[in-house]
Amino acid sequence: MISQEARRDWFEQLLQQGTTAAAEIDEQAWLSRRRSQARAELGQLPLPTRKSENWRYTLLDGLLGQTFQPSNEAFQALLPEDIDDWLLEDTHAYRIVFANGRFVPGLKSFAELPEGVTIASLQQVLRQQPEMLSIWFGQTANHSQDVFTALNSALMNDGLFVHLARDTILDRPLEVLHLNLSVEQTALIQPCNLLVLEQGARAEIIERYTSTGDSVYFHNGVSEILLEEDASLTHLRVQEESPQSYHLHRSFVSQAAGSHYHSTSVALGAKWARQELQVRFQAENAECQTRGLYLVGKDQFSEQHLDVQHNTPANSSQHLYKGILYGACRAVFDGRILVGQAAQKSEAHLNNHNLLLSREADVVTKPQLEIYADDVQCSHGTTVGQLETEQLYYLRSRGIKLIEAMKMLCSGFAAEIFADMKNEVLRERVQNRLDTILVRALDETSGEKHV
Amino acid sequence: MLSIKALKANVEDKPILNGLDLEVKPGEVHAIMGPNGSGKSTLAHILAGRDGYEVTGGTVTFKGEDLLALEPEERAHQGVFLAMQYPVELPGINNMVFLREAMNANRIARGEAPIDAVNFMKQVRAKAHLLQLDEKLLKRNVNSGFSGGEKKRNEILQMLMLEPNLAILDETDSGLDIDALRIVAEGVNALRSPERSIILVTHYQRLLDYIKPDFVHVLSAGRIVRSGDKDLALELEEKGYGWLEEETAA
């Protein structure tokens, strides 16, 4: 158990070291203000401990026991062939690459964009159109809520910026590759992403978080997503980071009337991963649909946090998360939907299902619905189970080998998550990856009796 | 082809089979009838290799090999197929993908090349057509939302695709209306050949109007108490199982 003091020092030290790294941005007054606020708050905010509800099931000692240095290196020298392995083939997507949270100009795949579309790095925008940022920045991500968000805000220096002007349709998907590498030191990597879709705009964004080999680093990312009236965003997110890495990412989504947010996220990697999604409806008739899959194996910790608030009427939100746990590991699903008094005619569904393939797997599932309105359609549910003996027998009786049968059932279990993933290239890649991980894991544990 | 000698088996320490003997030669069709609880389904599952049965005595050899020593998938590779009484649903597994995986698993195990997509599609279509199975069902997940009759026809479709040496049909007729029964029977008859054996496990004589067995056996309290030709089935239909049980007891 790490002492309170040591925890405070851990943040303090990162803050100290980060000062130089962040200072290279030519600061706007509003940004400096924001930064120093976050810095001040960081010293006062409660530290994450098992005593607070929000961190109750999170294993934190590993993260807080490790030292990190804010990443200063800009990987300007990366060449297209260096990232070949990570690229999606045949998507015809617009591509932009970040290495350790910093934009890599040489790896951008496009020279021109349709009118009304801005895809850039935060630094570029800060240099060229800082006023554009000041309108949107920090609207949804509240750094006075949590130390990690405050840490991100205090040291913020780059990230993805996407802006679609009114009624603009992004004609191709945007592929964002977040490549993390720790070369000599264990890096703190803190991208700060801002996605703004103005009224009626539409886009599909594919974000991939990946890394080289066994790099040790802490990714502490924040994404703000602002959807104005009738805007529509399809957001696919795949986290397949190094097995020695720590990955915390928070997404804050704000939805205006009639907007749609469809998100599919897949968490496969990292030693320690915690993904948070906060959704706030600002007006009526908006829709939010999230699908999530987490695959957790030996020595991994993987956590999903969902915090959705319906405080205005007639919004719909549907959330389905599934987990496959295949070794001595822990997974946490902590989802909460609040339907406030004013939120009549709301529809909210929250479901979490877990498949345990190992006796040593440990899952905590906590779907919560809090309803204060009376004319609503809401449901929530959770299951924790194993592979069905009868289904395995059925497959095997048709000549399919045990491991293959297990893999098929696991893939079948996960299939619902991908059902709406229209990007076939990505879907196939993720499914193949899933199959590879499962077959390897099932082979290794075939001595263990699964059923 | 199949030789069962003095087979004894328990389910949860309760004896279900009590010394069962059965010889099935290539090309033969055997019907196994008997009242509820006589051990018919247990026999079918023991042959297919389901967990949860304890064989306490006797032997089962298939093509000269000890069948009981094999895993369920190995039995399939040897050519054993069981059309289940209650086929399970397989969520998220597409019926067509499943069929192809199954077919190729068997082919690869037998040292044959996997079937190509075009050939596979042609075969599935033709066989689904024979069974009057809606092609839409091929695109759905295995047995998900299928009616009872559709599940049974899907079993027969798998059987036709896998072309087993020994097909065991466990109460395939139950829950089928007369038209569906005729279609399923046609499917089974299409598979009959001098190299292939079929065991029909059934409660009623009705199925045997459409699939003519060479032998009929009556199973009672885990043993075959009477064997005959198809006339035995008619006799059973008329008199019920009661008389046989009384006779056996006497």
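Chain A is the first sequence line, chain B the second, and so forth, proteins listed ahead of strands; every chain is numbered from 1.
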Does Q123(B) have more than 12 heavy atoms from other residues, nucleotides or ligands lying within 6.0 Å of its CD? yes
Taking every heavy atom of A83(B) against every heavy atom of R398(A), the minimum-distance pair comes out as CA-NH2, 4.3 Å
Picking from E73(B), M84(B), R75(B), what satisfies side-chain contact (heavy atoms from CB on, under 4.5 Å) with S397(A)? M84(B)
How long is the straight-line distance from CD1 of I400(A) back to NE2 of H77(B), given to the nearest 0.5 Å? 8.5 Å
Which atoms of P87(B) are under 4.5 Å from chain A, going by heavy atoms: the side chain, the backbone, both sets, or neither? both
G412(A) and I93(B): which non-hydrogen atoms are nearest, and at how many Å? CA-CG1, 4.2 Å
Interface moiety of A48(B) toward chain A, non-hydrogen atoms closer than 4.5 Å: both
Give, as side chain, backbone, both or neither, the part of R50(B) having an atom under 4.5 angstrom from any heavy atom of chain A. both
Does a side-chain N-to-carboxylate-O contact under 4.0 Å join K401(A) and E101(B)? no
Whatever's closer than 4.5 Å to a heavy atom in chain B on E390(A) counts as both
Segment of E89(B) engaging chain A (4.5 angstrom heavy-atom cut-off): backbone
Under 4.5 Å from a heavy atom of chain B, the part of Y394(A) involved: both
Report, by ascending residue number, the residues of residues 134-151 of chain B in heavy-atom contact with chain A at a distance under 4.5 Å; give 'none' if the set is empty. V142(B), N143(B)
Between Y86(B) and chain A, with a heavy-atom cut-off of 4.5 Å, which part of the residue counts as in contact: side chain, backbone, both or neither? neither
Within a radius of less than 6.0 Å around NZ of K63(B), do more than 12 heavy atoms belonging to other residues, nucleotides or ligands occur? yes
Heavy-atom closest contact (N106(B) atom, G399(A) atom, distance): OD1-CA, 3.8 Å
If we only count heavy atoms from C-beta on, is the P91(B) to Q391(A) side-chain gap below 4.5 Å? yes
Whatever's closer than 4.5 Å to a heavy atom in chain A on L162(B) counts as side chain
Would V88(B) and Y393(A) satisfy side-chain contact (heavy atoms from CB on, under 4.5 Å), going step by step from the backbone distance to the final call? CA-CA 10 Å; V88(B) 290; Y393(A) 167 54; over 6 Å; no
